[in-house]
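In what follows, a structure is listed as structure tokens, so that the remarks can point back to it.
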Amino acid sequence: MDQPLSTPRARMRASYLRDETEALAALIDEARLAPDAAQRVERRARELVEKVRSQQKAVAGMQSFLREYDLSSQEGVLLMCVAEALLRIPDAATADRLIRDKLSQGDWEKHVGKNRSLLVNAGTWGMMLTGKLVSLDAESADNAGTWLGRLAARAGEPVVRLALRQGMKLMAEQFVMGRTIQDALERSRSAEHAAYRHSYDMLGEAAFTAADAGRYFTAYERAIDAIAAHRMEGAATTPPVFGRPGISIKLSALHPRYEYAQRERVMAELVPRVQSLVERARRGDVGVTLDAEEADRLELSLDIFERVFASPALHGWEGFGLAVQAYQKRAPFVIEWLAELARRHGQRIMVRLVKGAYWDSEVKRAQMQGLAGYPVFTRKPNTDVSYLACARRIIEAGDAFYGQFATHNAHTVATVIERMPPGQPFEFQRLHGMGDDLYDEVTRLGYACRVYAPVGSHEDLLPYLVRRLLENGANTSFVNRIADESIPVESVVADPVAIAAANATAANPRIPLPRQLYGDRVNSAGFVFADEAASAPVLAKVAAFASQPLDVVRDAGADDARRALETASKAVIAPARDRAGILERAADLIEANGAELMALLAREAGKALPDGLGEVREAADFCRYYAMLARRHFAEPEELVGPTGETNRLMLSGRGPFVCISPWNFPLAIFVGQVSAAFAAGNAVVAKPAEQTPLIAARAVQLLHEAGVPASALALVPGPGETVGAALVADPRTAGVAFTGSTATARAINRALAARDGPIVPFIAETGGLNAMLVDSSALPEQVVSDVIASAFNSAGQRCSALRILCLQEEIAPRVIEILCGATAELRLGDPARLETDVGPVIDREALAMLEEHAAKMDREAKLLCKAPAEGVPAGSLFFAPRAYEIASLDAIDREVFGPILHVVRFAGADLEKVVDLVNAKGYGLTMGVHSRIEETVERVRVRACAGNLYVNRNMIGATVGVQPFGGEGLSGTGPKAGGPHYLFRFATERTVTVNTAAAGGNASLIASSE
Ligand SMILES: Cc1cc2nc3c(=O)[nH]c(=O)nc-3n(C[C@H](O)[C@H](O)[C@H](O)COP(=O)(O)OP(=O)(O)OC[C@H]3O[C@@H](n4cnc5c(N)ncnc54)[C@H](O)[C@@H]3O)c2cc1C
């Protein structure tokens, strides 16, 4: 049983997405210094900046290089792309393609001569890129443009590739302390490091597999032992651990499912691992700091920290700490909570205060998730204010904390110095390769500083390197500004409190709130499960609904269908603006009843909760998007240009009763999408849901009625396709059909419609797909696997967009398959109403039998690569374990198999186009994925692919309404795309009205306007 929440923890929980104005107002006074103190801080910061700038002129190193190629220049971005990918590409051909791709795009010439720094100077740039491998002739050395032009042209040559790899390694070395912990420890003895303490970080990002997590665990163990054996630094602190070298641990590296939804598992499995590492560290008196990662992992990390910190084995030892990100709105409450924890146990916590490294991805994710706000501040000075307020709290709680202030910002440094009472132990921290000049100065003044020292191979470094390049290249970042001589010193050291206080709005007006993302409509409301203030009430409601008895929906018959059409054909349809208002109310009602709908989706359709949430949001988005289109196109006639003396107007209106036939796999979103589109366009609707999911449809219809859709304009006729569906389609009153389902049924409907006498009516069909993802060897295997797992196995693979065929370039295939299998082994099958469940049951026995039959065939004809564990799944239930087979060629599959079976095929890099052709030849054209860092490769796929939705470097499911209009071609559907700007037109009829305004007595307006 969890403990009741302490007050700071409860306040923290309530502040996940705190309003920025409120959050800033709560901190600004705390961060503000008295005027004389503020002046001292500014003076000190100014001195530091001036010192750094004067030294910079002399040294001119990598910092200048990074500034010249910063992220506001295309070349900077291109260089970052090369840096991110080149070192990991295993084959020469793809590496050459990447180089050609990136070097041919930039305007490199313009960087020549602008900056006198040694590194930016053309010759040295060449040296940096080529190392000792290519000796440049004098002419080339003086002319970067020529040199780079030649380089780009010769990019196929091995020597250029080697040279660039070498250059990237040099860049990487700027940020890595050593390839092994021994190298790094050795380097820490060098003169340049003499003034510093160190915290070693074993490079590597989140583990995807148990094997990777095990590897990282061992690496941490070895590193702790090596650090413990290395006794160079500081015995001069009390306790000594504050002065000694330490280690930084990334929790995501130690568990393949370090995520909120797996909390129980994480607490059971990860806590003992952390405990064991920390106890080991204690034995060697090596300080341990837990790194801070994404916002949705904060609470989990605190739970883990608390459990280990409170363990008797650590009693009396003050070497365990964690990083706190000031850019998060919860940061001040985290500090409060930690202070309480420290005092409760009577020992200090080492707190590393950082601003935070994932700001851009936090903002993007919040927008995608439709959150009520951002977990982070949206203006840079607000983050600074939060940092200064948090720093003050840490300093003032000297009994609870050993403060570790990680920053490269001179103003921040000066403020900490100003606030720190004499004699209180604390340290600054910087990243290896950053802030060297600043801290050479600060340490000279007698302040302690620790260097965060990444250790690892170049390949492991890449994601870390990109974060550093982003940080160095961002024009808001201090390290970028200090190096830019064109920015006056007073601006570089300006007091963020004053700037934040002077801003007209606390929040950044250029970053709209996630729900206001789209100017013309409201984004659907979402939440993250890790935000317990938002998710706990939903989960409680889901649990309550899950135990209620289900309603029963009686099947309609053919006569009911005909009666519904009769009523619909007489329905009076409201004007477009009213229809739009009704649909917007429907969206609100769908969101308000989201928990019930998620529960129903889990029970009736086997949908896991995140998938259910996605579906609720999509349904609401459809309503709002079509409401917006109805207002835009249906409310007023469009005036057309013509000769004087007449008016011409084009008007759109409904066609008559529309029949909407929807599938069980998106029983809410597709159902509501079809119905809302037909209604928005001015039609009455008769809706026939899938036989398997009538309850969800019935609830959706109730909500639409409640929103104001008249009963006569929307009827539900659940029942079998053969009777109810057939009767609806055959009826002459049906003025159009929207259908989503199998290609075979679409053909049957098409034939039935063609067989009718009377008007020929529109038929909108969205059918299946045989969807492929192509991965070249420049892709990042971990990212590929994460997207493959989501694309192939989410919703038990029962999405028409789902990935069926993964095509891997042969050089990268072994590693991707290894991670894929490891990640598949971590999936959990189970009750879809439980948050920890990844994969629920398939829809029915028929689907299960079909999947088992296909799996049996694959067992015979292909190689089973891996299968998710299915222990604990009740015998005779509808669960089907996700699995992957390797097939010899694309010939092995030519029809859609609707479920979590992935087919993997390898291809030679030179055959990329052939693979696209083979996929096209299957006749479908729904979704396709590409993973490549090479734009030219992506473009080659794009022009060739017959696919309605092409996804590049991301997963290929979950199209967002109005953002990724969804629908295919060929065997996959007729178009227009659902959730796209052209969809409603297909449901409408067009009429023009021409009035001869000159008929009665001449052209008055022309005469009146003539000179
Ligand atoms: C020793 C050490 C350990 C670290 N460990 C971690 C860690 O565990 N987890 C982690 O996340 N980071 C960590 N970092 C990285 C750290 O977050 C960045 O280096 C730091 O944010 C840079 O801050 P600064 O004071 O040097 O720079 P500054 O340039 O003063 O500040 C940069 C900060 O402002 C933020 N910012 C930029 N634009 C905006 C905006 N519009 N709105 C709001 N905020 C904005 C940036 O995201 C960044 O956090 C660590 C850094 C050091 C030195």
Side-chain angles (χ1 to χ4, degrees), residues 20 23-24 45 49 71 175 177 196-201 205 246-253 287 289-295 297-298 301 321-329 331 350-363 366 374-388 390-391 404-416 427-436 438-439 449-454 464 467-484 487 492-494 496 499-500 503 506-511:
E20 194 151 348
L24 184 68
V49 171
L71 298 177
F175 299 109
M177 184 85 172
Y196 295 98
R197 307 164 177 176
H198 294 85
S199 181
Y200 298 91
D201 158 56
E205 297 297 300
I247 191 162
S248 295
I249 290 180
K250 214 175 247 71
L251 291 175
S252 62
T289 302
L290 302 183
D291 281 347
E293 302 185 60
E294 293 82 355
R297 287 168 157 163
L298 174 62
S301 71
L322 79 174
V324 175
Q325 295 158 323
Y327 68 11
Q328 284 207 52
K329 293 168 178 167
M350 298 194 309
V351 172
R352 169 193 297 159
L353 187 63
V354 303
K355 288 178 192 167
Y358 307 86
W359 182 80
D360 52 331
S361 49
E362 296 291 356
V363 170
Y374 291 103
V376 292
F377 290 98
T378 59
R379 287 193 197 255
K380 164 78 169 67
N382 298 358
T383 291
D384 290 334
V385 166
S386 170
Y387 190 99
L388 298 180
C390 290
Q404 300 175 312
F405 301 95
T407 176
H408 311 106
N409 183 319
H411 183 276
T412 315
V413 167
T415 311
V416 169
E427 68 185 31
F428 288 109
Q429 297 197 343
R430 70 169 176 88
L431 298 174
H432 174 71
M434 288 172 62
D436 317 33
L438 177 73
Y439 277 104
C449 178
R450 187 181 299 272
V451 175
Y452 183 93
Y464 175 84
R467 280 207 297 279
R468 295 292 74 82
L469 293 180
L470 277 171
E471 189 171 337
N472 279 275
N475 57 12
T476 50
S477 108
F478 187 86
V479 281
N480 186 282
R481 289 164 64 82
I482 196 174
D484 185 349
I487 303 177
V492 177
V493 301
I499 300 174
N503 278 329
N508 189 338
R510 293 218 299 260
I511 304 176

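When a ligand or atom number is given, it counts from 1 through the structure's own listing order.
Judged by distance alone, the side chains of S248 and T289 never bring a donor and an acceptor atom under 3.5 Å apart. Judged purely by distance below 3.5 Å, without hydrogens or angles, the side chains of S252 and E293 pair a donor atom with an acceptor atom. With 3.5 Å as the limit, one finds a donor-acceptor pair spanning the side chains of T378 and E20. Residues S386 and K329 bring no donor and acceptor atom of their side chains to less than 3.5 Å of each other.
Between atom 15 (C) of ligand 1 and the options R481, E20, K250, R468, the minimum heavy-atom separation is to R468. Which of G435, G356, C449, S477 comes nearest to atom 49 (O) of ligand 1 through a heavy atom is settled by distance: it is G356. Among R510, K380, R379, the residue whose heavy atom lies closest to atom 32 (C) of ligand 1 is K380.
Residues P375 and A295 come closest through the heavy atom pair CB-CB, 4.0 Å.
At a heavy-atom distance under 4.0 Å, atoms from both the backbone and the side chain of A357 approach ligand 1. If you look at Q325 next to ligand 1, the close heavy atoms, those under 4.0 Å, all belong to the side chain. The residue Y387 has no part lying near ligand 1, judged by heavy-atom distances below 4.0 Å.
Of the protein's non-hydrogen atoms, L431 CD2, 3.6 Å is the one closest to atom 51 (C) of ligand 1. For atom 25 (O) of ligand 1, the closest non-hydrogen atom on the protein side is T407 OG1, 2.6 Å. Counting only heavy atoms of the protein, atom 41 (N) of ligand 1 lies nearest to T378 O, 3.0 Å. Of the protein's non-hydrogen atoms, V354 CG1, 3.6 Å is the one closest to atom 50 (C) of ligand 1. Distance from atom 8 (O) of ligand 1 to its nearest protein heavy atom, with residue and atom name: A292 N, 2.9 Å.
Counting only heavy atoms from C-beta outward, the side chains of L251 and R297 never approach each other to under 4.5 Å. By the 4.5 Å heavy-atom criterion applied to side chains, Y387 and Y327 are not counted as neighbours. The shortest distance between side-chain heavy atoms of D291 and R352 falls below 4.5 Å.
An N or O contact shorter than 3.5 Å is missing between R430 and ligand 1 by distance. Considering backbone and side-chain atoms alike, Y358 places every N or O at 3.5 Å or more from each N or O of ligand 1. Distances between N or O atoms of E471 and those of ligand 1 include at least one value under 3.5 Å. Of the polar atoms of F478, at least one N or O is found under 3.5 Å from an N or O of ligand 1, judged by distance alone. Residue T412 has no nitrogen or oxygen atom sitting less than 3.5 Å from a nitrogen or oxygen atom of ligand 1, judged on distance alone. The distance criterion of under 3.5 Å between nitrogen or oxygen atoms is met by K355 with respect to ligand 1.
Residue N382 places no heavy atom under 4.0 Å from ligand 1.
Here K250 contributes atom NZ and L290 contributes atom CG; the two are 11.0 Å apart, rounded to the nearest 0.5 Å.
A cation-pi arrangement, defined by a distance under 6.0 Å to the six-membered ring centre and an angle within 45 degrees of its axis, is absent between R430 and F405.
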